[in-house]
Protein chains: 2
Amino acid sequence: MKGIRQLADHLDISIGTVSRALNGKPDVNEETRRRVFEAAEKFGYVANQAGRSLRKGATGIIGFMMQTGHDITGQGDTFFMSVFDGVQTVLARHKLDLVALLCSSEEDPDAYLKRVVARSFADGIILSATRYRDGRFGTLHKTGIPFISLGRSQNDAGQPWYDLDFEGMADTAIERLVAQGHRRIAIGRPEGDINLGYVFEDRCRAALAQHGLTLDPAHVFRSRPNESGGYRLAQNFIAAPTKPTAMVLLNEATVIGFYRGLEEAGLMPGRDVAVIGQYSPMAQFLSPRLTCFRPALRDLGVAVAESLLATMPAFAEAYPEAPRQCLWPMNFIEGESG
Amino acid sequence: MKGIRQLADHLDISIGTVSRALNGKPDVNEETRRRVFEAAEKFGYVANQAGRSLRKGATGIIGFMMQTGHDITGQGDTFFMSVFDGVQTVLARHKLDLVALLCSSEEDPDAYLKRVVARSFADGIILSATRYRDGRFGTLHKTGIPFISLGRSQNDAGQPWYDLDFEGMADTAIERLVAQGHRRIAIGRPEGDINLGYVFEDRCRAALAQHGLTLDPAHVFRSRPNESGGYRLAQNFIAAPTKPTAMVLLNEATVIGFYRGLEEAGLMPGRDVAVIGQYSPMAQFLSPRLTCFRPALRDLGVAVAESLLATMPAFAEAYPEAPRQCLWPMNFIEGESG
DNA sequence: TCGCAGTCCGTAAACGTTTACGAGATTAGT
DNA sequence: ACTAATCTCGTAAACGTTTACGGACTGCGA
């Protein structure tokens with residue numbers, strides 16, 4: 001069964017009628033429609049997406065671009081699963097499907113974007129793993145595909161983005177630690193050119209300055225955004241010159257290894273070292289319980305999807321007032337660690 | 001910039017030449033080629049995938065179908081990231097791209113497959129989250145798209161699949177526990193119609209029978225494949241009638257919650273209850289360290305991709321002897337928990 | 001009998017590429 | 001100077017759909 005042509009020949013009707021029958025158009029005899037569906041089922045015929053989307057000028061697909069690679073596990077955790085869940089509930093309302101565009105960490109994201117995503121592969125695109133300077137914004141802008149980014153870039157020219165409110169997290173975390181009497185506060189950020197690292201560090205420094213404190217450059221620790229990275233980070237932390245008494249961690253996964261690293265050195269989070277991090281499903285199973293910030297990720301997915309659809313002519317009217325840019329709140333959860 | 005037509009008009013050459021220039025065909029003047037690339041870059045032109053793949057009869061895309069949803073986090077962890085990594089290294093050799101087909105857990109996987117994947121959306125497909133009876137095998141077989149499954153189905157009609165060797169895991173885990181003197185051994189399997197749950201339970205029962213032991217139906221615990229599921233599982237475990245002294249867990253994430261549940265009840269893994277599980281990046285950060293089975297996931301991805309390509313005429317000659325079906329070994333890692 | 005509306009279906013164009021084929025121009029060989 | 005080879009490019013068909021348009025019926029009322 002090659003295509004609609006063969007199906008039509010077999011039924012001895014025209015391809016136009018077959019197409020109309022399959023697509024639920026009104027002007028087709030119900031008996032004919034039944035026969036068409038029956039034959040389609042029998043031969044396992046499904047419409048060729050290429051032909052269809054070529055003609056319709058739309059694919060019904062939204063792409064979510066994300067990074068893969070053996071060193072990228074932290075963000076690959078449940079974070080995206082939750083966001084996907086929210087995105088999909090919105091897309092389902094419009095019969096749109098979500099696919100994840102998997103860009104290897106060894107490849108240039110911009111080149112990848114140009115290659116696979118190409119015009120009309122997806123009707124809209126959600127970006128993630130935003131870099132400090134990210135060429136993808138320019139590329140997408142040129143091609144005219146509707147898009148939105150999960151995470152800001154540095155060169156913000158009014159493109160749509162949603163991002164977790166790491167500024168708010170930095171402010172309250174620092175505020176809290178200072179109120180607890182801490183003076184030498186360290187922070188951990190993911191290594192690499194990820195934009196949120198810069199955002200977070202800058203804001204922590206500013207927040208400390210509010211209290212007349214400084215952020216010692218030696219107390220800014222970079223690590224891989226996963227458990228092992230956190231473990232090594234703990235070792236560096238312990239070996240730091242003027243010993244910090246508190247740590248604020250950006251990544252969800254690093255905190256696991258960090259806990260373990262402290263334990264092995266006989267240090268207990270919350271007693272010997274204050275630790276504040278980002279929520280993950282793991283957080284509630286740590287002992288002592290992690291003081292952390294938790295964004296409502298599923299709702300974030302919903303909001304992002306709605307904001308994206310708002311920029312697409314075909315769906316815009318359903319979302320008249322979706323904000324183009326938004327800092328997504330992180331809810332504070334008091335634990336025992338800091 | 002709508003398409004190759006406009007680009008050609010602007011350059012005052014034919015679309016054929018533009019296409020040839022862009023695709024690196026030899027019979028085009030190098031000066032012309034340069035002008036074409038320049039203009040394409042300037043206008044942000046990228047070829048329309050629909051038109052291209054319609055003509056070529058191939059998309060250059062391999063789809064990896066996976067399940068999403070707020071209750072599916074265990075498998076969504078680093079498991080897939082590692083497999084992706086392996087798959088991508090193979091695909092990159094042939095300039096193929098990997099996309100993840102995200103099927104919401106609220107939707108019928110077979111319907112999803114028919115709808116979005118449709119013929120010629122992807123040149124090949126990798127299935128996951130295989131059900132006990134899985135209609136997708138039949139669908140894919142009918143349409144003729146090359147595919148392979150990560151996980152067996154019950155109705156094995158010779159379709160290609162790779163699966164983790166849970167039989168081997170069951171055998172050695174039971175063997176070990178029995179040798180340690182355990183007689184009342186419990187197992188944990190994911191709830192739902194996931195096939196590996198059946199496989200695992202059956203094999204554990206058989207392995208116990210080898211030693212004249214039985215698997216008490218009350219000692220087969222079903223749980224969500226995530227941390228919370230493991231926590232509740234611990235509570236059920238503790239409340240079980242004839243108290244088991246050992247537990248073999250299938251899912252990577254449940255073990256986290258299970259540990260926590262035991263701890264809260266004053267029980268220590270390895271001392272009060274023997275625990276054997278599956279490796280995850282988290283496992284090495286548990287205390288006491290988890291005795292577990294670790295598959296080489298990246299290599300599994302490589303093998304699966306090669307096996308898939310072996311079934312595709314265009315790439316088959318490169319992989320003459322890739323096995324169609326394979327039980328992937330799980331390496332035993334001795335810890336302190338059992 | 002005619003006209004009109006309604007139902008059902010066939011025809012053909014269009015979507016944006018790639019590529020086989022052949023034509024024209026230039027160069028090389030004799 | 002003639003032929004053959006080489007280089008470069010234009011032409012047009014093909015890929016599999018969807019859909020605007022119109023034609024062929026049927027039924028019905030005037």
Side-chain angles (χ1 to χ4, degrees), chain A residues 1-36 40 43-61 95 115-123 143-145 314, chain B residues 1-36 40 43-61 95 115-123 143-145 314:
Chain A
M1 183 56 43
K2 307 283 289 302
I4 201 172
R5 176 87 260 161
Q6 282 66 27
L7 195 58
D9 286 352
H10 174 262
L11 290 167
D12 207 32
I13 56 181
S14 78
I15 61 170
T17 303
V18 173
S19 176
R20 278 191 300 266
L22 255 15
N23 291 25
K25 293 298 162 76
D27 54 349
V28 44
N29 185 291
E30 282 309 321
E31 165 62 13
T32 311
R33 191 191 303 277
R34 197 191 54 73
R35 286 178 55 224
V36 171
F43 294 123
Y45 167 79
V46 281
N48 179 313
Q49 276 293 342
R52 164 187 294 229
S53 63
L54 178 55
R55 163 68 211 222
K56 301 190 71 159
T59 62
I61 289 173
K95 300 194 183 306
R115 182 159 44 86
V116 69
V117 143
R119 266 220 349 283
S120 98
F121 174 91
D123 297 342
T143 61
I145 311 181
Chain B
M1 183 55 45
K2 307 283 287 304
I4 202 173
R5 176 87 261 162
Q6 282 69 27
L7 195 58
D9 286 352
H10 175 262
L11 289 167
D12 208 31
I13 57 181
S14 78
I15 60 171
T17 304
V18 173
S19 175
R20 278 191 298 265
L22 256 15
N23 291 24
K25 294 299 160 80
D27 53 348
V28 45
N29 186 290
E30 283 308 321
E31 166 62 11
T32 312
R33 192 192 300 278
R34 198 192 53 73
R35 287 178 53 223
V36 171
F43 294 123
Y45 168 80
V46 282
N48 180 314
Q49 276 293 345
R52 164 186 294 227
S53 61
L54 179 56
R55 164 67 213 220
K56 299 190 71 160
T59 62
I61 289 174
K95 297 193 185 309
R115 182 160 44 85
V116 70
V117 142
R119 269 224 342 286
S120 98
F121 173 92
D123 297 343
T143 61
I145 311 180

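Within every chain, numbering begins at 1; the chains are lettered A, B, ... in the order of the sequence lines, protein sequences first and strands thereafter.
- Interface remark: the B:Arg55 side chain does not form any donor-acceptor pair with the C:dT17 base, using a distance-only criterion of under 3.5 Å.
- In this structure, A:Glu30 atom CD and C:dC8 atom P are separated by 8 Å, rounded to whole Å.
- Atom CG of A:Asn23 is separated from atom C1' of C:dC9 by 15 Å (rounded to the nearest Å).
- We find the OG1-NZ distance between B:Thr17 and B:Lys25 to be 12.5 Å, quoted to the nearest 0.5 Å.
- One distance of note links CZ of A:Arg55 with OG of A:Ser19; it measures 9.5 Å at 0.5 Å rounding.
- Counting non-hydrogen atoms under 4.0 angstrom, A:Asp27 reaches a base of the nucleic acid.
- One N or O donor and one acceptor, one from the side chain of B:Arg20 and one from the base of D:dG10, sit under 3.5 Å apart.
- Going from atom CG of A:Leu54 over to atom C1' of C:dA13 covers 13 Å, rounded to whole Å.
- For the pair B:Tyr45 and C:dG16, the criterion of a side-chain N or O lying under 4.0 Å from OP1 or OP2 is not met.
- Atom-to-atom, CG of B:Leu7 to C1' of C:dT18 comes out at 15 Å; the value is rounded to the nearest Å.
- For the OP1/OP2 pair of C:dT18 and a distance below 4.0 Å, the side-chain nitrogens and oxygens of B:Ser19 include at least one atom meeting the criterion.
- The residue A:Gly57 sits apart from the nucleic acid: no heavy atom pair falls under 4.0 Å.
- Protein atom CG of B:Asn29 is 5 Å distant from nucleotide atom P of D:dC9, rounded to whole Å.
- A close approach under 4.0 Å does occur between a side-chain nitrogen or oxygen of A:Lys25 and OP1 or OP2 of D:dT19.
- Distances shown here put every side-chain N or O of B:Thr17 at or beyond 4.0 Å from the OP1 or OP2 atom of D:dC9.
- In this structure, A:Ile15 atom CD1 and D:dC15 atom P are separated by 12 Å, rounded to whole Å.
- Using a 4.0 Å cut-off, some side-chain N or O of B:Arg52 falls inside it from OP1 or OP2 of C:dT18.
- Side-chain contact between A:Tyr45 and A:Gln6: absent, with no pair of heavy atoms (C-beta onward) separated by less than 4.5 Å.
- Whole-Å rounding puts the B:Asn48 CG to D:dT17 C1' distance at 13 Å.
- Side-chain contact between B:Ile61 and A:Phe121 is present, with heavy atoms from C-beta onward closer than 4.5 Å.
- Taking the nucleotide of DNA chain D with the nearest heavy atom to each of B:Ser14 and B:Gly51, the more 5' of the two is matched to B:Ser14.
- Among the heavy atoms of the strands lying under 4.0 Å from B:Thr32 are primed sugar atoms or P, OP1, OP2 only; no base atom is included.
- The OG atom of B:Ser53 lies 8.5 Å from the CG atom of B:Asp123; values are rounded to the nearest 0.5 Å.
- In this structure, B:Lys56 places its NZ atom 16 Å from P of D:dG16, rounding to the nearest Å.
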